[in-house]
Amino acid sequence: MHYRRHIRLIILAGLIVYLNSLKNGFVWDDVFVVINHDFIKGYKLIHQIFLKPFFYFARPEYLYYRPVVSLSYALDYTLWGLNPFGFHLTNVLLHICAALLIYRLIDLLYDDRSLSFFSGLIFTVHPINTSVVNYVTSRADILSLLFTALSLILFFQAHSHRSYILSVVCFVLAVLSKESSIILPFCLISINEIYSREKRNISRRWYFIFIGTAIVYILFRIKILRLAADILPSGKINLLSGIFTLPVIILDYLKLLYLPFGLHMLRNINILPLAGTNIFLFLILAGFTAAVLLLIFRINKNIFLALGFFLLWLLPVASISVRNPEYYLQQRAIMEEHWLYLPSIGIFIITVYLLRRITRFLGKESYKIILLLFIVYLSIITIRENSHWRNNYSLFTHTLKYVKNSITAYKNMGWVYINRQDIPEALKMYKKALGLKQDDNSKLAMYKNISYAYFLDNQLEEARNYCLKALAIQDNDADAFGQLGLIEAKADLNKAKEDWKKAAEADPLNAAAFNNLLSLSGSDKNIRQYLLDKYGSLLNKYKNFQQYKIYRALGLIYLYNNEPGLASAALKKAYQVNPYDVKINNALAVYYAQSGDFRQAVKFFKTALRLNPFEKETYLNFANLYEQWGNLKEAERLREKASTVNLFN
């Protein structure tokens, strides 16, 4: 009876505290991993999820490989389209499932229903987890925990080889959800060797299967996918400095678990310098910590298990804390609240366990009253924190109340202001970012952002100067030449053409270069021939899936130059490779509209809007179609919609 009541209460608590998160939109990287993620939008490309990195459509150099997360997005898209409500609902439901599995795992390890219930309930409502539940991109953390817990449960309650096999399968799903799950075998072996009294000889045989699976995963990433990543920081910060800083990071994390105020993204702290006093203090602290852990192990293995769980699952992020170039140049280490999603469970167990012992003199049930008050306190904070994730404006406005040294925060806030057409505030954000210590790659990006903001504000000389600063760092940067072309076009179109050609030579897929040269190709035969020669020659360079971009470019060139037959052939080839590309569907809709086939044009426009309801160009082209058709009311509605669409809030 208690078991069923506990489950109902955990589910109810999760739904109550995260109910207001269902109104939130997509924020930050959600744009790249959900909205612009073509692989999740239909079964024809679902296999590509297993062949390409997680950020393939935005930053393929980011070496994340999380196909299970992408598959969950594909399911969401099938059910909801790109309605953020559905994606947030899935996050909430998965979080509740994770909490229920934590409840089961703790009960299995400790054989203590009260301990497992209150620990699971605290996990469910704790505001430290708002950065996971509210952020669709952080679903990786939820799925990683869910499959990690399920793998451990199946292993420790195994009664047959089938259970062990399923445990290994869950380990694979965990590591395909988030890379840090690779340490699960070490966690499993440690718990089994220290605490398990039953089936040890049987379970030990499976250690090699888990370790072998981890090795196969690593080799698959390195040899097949070519996604090898450095584990240790690369020379900018002495690794020992990072190690010395870890105790401070851990103490800050512990403070957040008990006093979760001022929660925000991009949290960071000063790295402790390698000085004699610090080394001496660190050695003393390390020795003291080891002695305390040994003492705890001898006195109370239950607390040692929970504390070990906390420290073990923090290890995978220890290197990440000191290797982010945005911060290590400022001699700072980054702390992410979502990194506590799995480790925090150990602290919640210790909290309930110790509180129950300490409050015995107050009465047998007194700890329950204290814990319930603590849970109510946490729930109120969580409900309040959810509102900060409403959109990009609220998220980064809140972040900048606490973070004054993050290039990312200022840059993202700048883009928010750009999309709100508040250029002075955008420039203020960009220049604050530029004032922070950073490497040349970061400066390059900031110079281009500032140039674009000045261009929008019609301050062309300032825009040109910052473009030239960008080109001084990298003399063949496609975006800088594309931007410079936009500036030069205001006074000298010939100079602009040359800049756009330079951009196209550096990156044939540069949007500014292609779009502007395309617009000139109708009246300039030389430009038209240049584009045809350029993209025709690229078909041999771009292989397999990448070819859709070249066929799309050729189709647009033919379409813009009134060659419908050639346009149709190229666009249909592009569509065969990637039927979920918004630009291809938009272009096919325009082709059918020009051909007088309004039924097909409407079909492709609707498909394009389903694939990306935040694309202004599609609304405007669709409005033109309805206007030609004589439906002025629908045309006006679509134009009104285009004017209000703002992906960056």
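These figures come from a predicted structure and were not determined experimentally. In what follows, every heavy atom counts, from backbone to side chain, and hydrogens, waters and symmetry copies are set aside.
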Asks: Could you check if a side-chain atom of Asp581 sits within less than 4.5 angstrom of a side-chain atom of Tyr575, using non-hydrogen atoms only?
Replies: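 A side-chain contact under 4.5 Å is absent here.
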
Asks: Taking atom types as modelled, find out whether Tyr103 and Thr124 have a side-chain donor-acceptor pair closer than 3.5 angstrom.
Replies: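 Side-chain D/A pair, Tyr103 to Thr124: absent.
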
Asks: Could you check whether any side-chain heavy atom of Leu305 comes within less than 4.5 Å of a side-chain heavy atom of Ile194, counting everything from C-beta outward?
Replies: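 Leu305 vs Ile194: side chains apart.
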
Asks: Flag yes if more than 12 heavy atoms outside Tyr377 fall under 6.0 Å of its OH atom; otherwise flag no.
Replies: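 Counting other residues, nucleotides and ligands, OH of Tyr377 exceeds 12 neighbours.
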
Asks: Quick check: does any side chain N or O of Asn129 sit under 3.5 Å from a backbone N or O of Val132, one acting as donor and the other as acceptor?
Replies: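 Pair absent, no side-chain N/O of Asn129 close to backbone of Val132.
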
Asks: Between Thr382 (side chain) and Val125 (backbone), is there a donor-acceptor pair under 3.5 Å?
Replies: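 Yes.
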
Asks: Mind running side-chain hydrogen bond (donor to acceptor under 3.5 Å, both in side chains) on Ser119 and Tyr353 for me, showing each step along the way?
Replies: CA-CA 9 Å; Ser119 300; Tyr353 189 90; over 6 Å; no

Asks: Look only at the side chain of Thr399 and the backbone of Leu395, and say whether a donor-acceptor pair between them is shorter than 3.5 Å.
Replies: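 Judged by distance alone, yes, a pair lies under 3.5 Å.
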
Asks: Begin from the C-alpha positions of Leu143 and Ser72 and carry the test side-chain contact (heavy atoms from CB on, under 4.5 Å) through to its verdict.
Replies: CA-CA 9 Å; Leu143 290 172; Ser72 75; 4.0 Å; yes

Asks: Using a distance-only test with no angle check, is there a side-chain donor-acceptor pair under 3.5 angstrom linking Asn24 and Ser21?
Replies: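 No - no donor-acceptor pair under 3.5 Å links their side chains.
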
Asks: For Phe208, does the CZ atom sit with more than 12 other heavy atoms under 6.0 Å from it, leaving out its own atoms?
Replies: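 No, the 6.0 Å shell around CZ holds no more than 12 heavy atoms from other groups.
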
Asks: Check step by step if salt bridge (charged side-chain N to carboxylate O under 4.0 Å, His left out) holds for Asp76 and Arg139.
Replies: CA-CA 12 Å; Asp76 274 340; Arg139 185 176 297 176; 2.7 Å; yes

Asks: I would like to know whether Asn412 and Asn392 meet side-chain contact (heavy atoms from CB on, under 4.5 Å); could you show each step before the answer?
Replies: CA-CA 8 Å; Asn412 288 355; Asn392 280 308; over 6 Å; no

Asks: Would a distance-only check, ignoring hydrogens and angles, find a side-chain to backbone donor-acceptor pair under 3.5 Å from His95 to Leu93?
Replies: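 A pair under 3.5 Å: no.
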
Asks: Taking the six-membered ring for Trp, are the ring centroids of Tyr18 and His88 within less than 6.0 Å of each other?
Replies: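 Ring centroids of Tyr18 and His88 are no less than 6.0 Å from each other.
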
Asks: If you measure from the Lys or Arg side-chain nitrogens to the Asp or Glu carboxylate oxygens, is any gap between Asp112 and Arg356 under 4.0 Å?
Replies: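 Answer for the salt bridge query: yes.
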
Asks: Is a side-chain N or O of Ser151 found less than 3.5 angstrom from the main chain of Phe147, in a donor-acceptor match?
Replies: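 Absent.
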
Asks: Parallel, tilted or perpendicular: which describes the rings of Phe614 and Phe26, with under 30° parallel and over 60° perpendicular?
Replies: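 Perpendicular: the ring planes of Phe614 and Phe26 meet at over 60°.
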
Asks: Is the centre of the Tyr341 ring less than 6.0 Å from the centre of the Phe123 ring?
Replies: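 So the answer is yes for these two rings.
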
Asks: Would a 4.5 Å heavy-atom cut-off, applied to side chains only, mark Cys187 and Leu312 as touching?
Replies: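 Yes, their side chains come closer than 4.5 Å.
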
Asks: Within a strict 4.5 Å, meaning less than it, do heavy atoms of the Phe171 and Phe210 side chains meet?
Replies: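 Yes, close enough: below the 4.5 Å cut-off.
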
Asks: When you measure from the side chain of Asn391 to the backbone of Gly25, do you find a donor-acceptor pair of N or O atoms at a distance under 3.5 Å?
Replies: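 Not a single qualifying donor-acceptor pair exists.
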
Asks: With a 6.0 Å cut-off on ring centres, are Trp389 and Tyr135 close enough?
Replies: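 So the answer is yes for these two rings.
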
Asks: For this output row, return yes or no: ring centroids of Phe85 and Trp80 closer than 6.0 angstrom.
Replies: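 Yes, they do, as the ring centres are separated by less than 6.0 Å.
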
Asks: Assess Lys301 against Phe304: is NZ or CZ under 6.0 Å from the centre of the six-membered ring, and within 45 degrees of the ring's axis?
Replies: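 Lys301 over Phe304 ring: no.
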
Asks: Tell me, do Phe310 and Ile345 make a side-chain contact under 4.5 Å, heavy atoms counted?
Replies: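 In short, these two side chains do not touch, never coming nearer than 4.5 Å.
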
Asks: Ring centroids only, cut at 6.0 angstrom: are Tyr164 and His159 within range, meaning strictly under it?
Replies: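 Between His159 and Tyr164, which both carry aromatic rings, the centre distance is not below 6.0 Å.
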
Asks: Looking at the rings of Phe39 and Phe545, which for Trp means the six-membered one, are their centres under 6.0 Å apart?
Replies: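 Yes, close enough.
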
Asks: Show, in sequence, the C-alpha distance, side-chain angles and deciding distance for Asp29 and Phe55, and conclude whether the side-chain contact (heavy atoms from CB on, under 4.5 Å) test is met.
Replies: CA-CA 9 Å; Asp29 285 340; Phe55 280 93; 3.9 Å; yes

Asks: Please step through salt bridge (charged side-chain N to carboxylate O under 4.0 Å, His left out) for the pair Asp38 and Lys44, ending with a clear verdict.
Replies: CA-CA 10 Å; Asp38 290 352; Lys44 292 181 181 178; over 6 Å; no

Asks: With no hydrogens and no angle check, is any side-chain donor or acceptor of Arg221 less than 3.5 Å from a backbone partner on Leu63?
Replies: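 Yes: the side chain of Arg221 pairs with the backbone of Leu63.
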
Asks: Could you tell me if Ser181 and Ser144 have a donor-acceptor pair between their side chains, going purely by distance under 3.5 Å?
Replies: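 Yes, Ser181 and Ser144 have a side-chain donor paired with an acceptor closer than 3.5 Å.
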
Asks: Can a donor-acceptor pair be found between the side chains of Ser114 and Tyr367 at a distance below 3.5 Å?
Replies: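 Short answer, yes.
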
Asks: Any side-chain heavy atom of Leu121 within less than 4.5 Å of one from His126?
Replies: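 No - every pair of side-chain heavy atoms lies 4.5 Å or more apart.
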
Asks: Between Lys41 and Arg610, is any pair of side-chain heavy atoms under 4.5 Å apart?
Replies: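 No, too far: nothing below the 4.5 Å cut-off.
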
Asks: Are Arg267 and Glu337 close enough for a salt bridge, meaning some N to O gap below 4.0 Å?
Replies: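 Yes, charged N to carboxylate O under 4.0 Å.
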
Asks: Assess, by modelled atom type and distance only, whether the side chains of Ser70 and His37 contain a donor and an acceptor separated by less than 3.5 Å.
Replies: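 The answer is yes; a qualifying pair exists.
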
Asks: Going through the distances and angles, do Leu152 and Leu108 end up as a side-chain contact (heavy atoms from CB on, under 4.5 Å)?
Replies: CA-CA 10 Å; Leu152 293 172; Leu108 185 64; over 6 Å; no

Asks: State yes or no: are the ring centers of Phe220 and Tyr217 separated by less than 6.0 Å?
Replies: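 Between Phe220 and Tyr217, the centre distance exceeds or equals 6.0 Å.
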
Asks: Could you tell me whether a side-chain N or O of Tyr65 sits under 3.5 Å from a main-chain N or O of Ser177, the two making a donor and an acceptor?
Replies: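 No, because the side chain of Tyr65 does not come within donor-acceptor range (under 3.5 Å) of the backbone of Ser177.
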
Asks: Do any N or O atoms from the side chain of Asn134 and from the backbone of Thr130 form a donor-acceptor pair under 3.5 angstrom?
Replies: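 Answer holds: yes.
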
Asks: Answer yes or no: is there a side-chain heavy-atom contact under 4.5 Å between Tyr64 and Pro53?
Replies: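 They are not in contact (no side-chain heavy atoms under 4.5 Å apart), so the answer is no.
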
Asks: What's the verdict on side-chain hydrogen bond (donor to acceptor under 3.5 Å, both in side chains) for Tyr580 and Asn585, showing C-alpha distance, side-chain angles and the deciding distance?
Replies: CA-CA 8 Å; Tyr580 310 120; Asn585 281 271; over 6 Å; no

Asks: For Gln547 and Tyr542, indicate whether the former's side chain and the latter's backbone hold a donor-acceptor pair under 3.5 Å.
Replies: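 Checked: pair present.
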
Asks: Counting heavy atoms not belonging to Tyr43, are there more than 12 under 6.0 Å from its OH?
Replies: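 Count not over threshold, so no.
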
Asks: Would a line drawn from the ring center of Phe396 to the ring center of Trp28 be shorter than 6.0 Å?
Replies: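 Here the rings of Trp28 and Phe396 have centres that are less than 6.0 Å from each other.
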
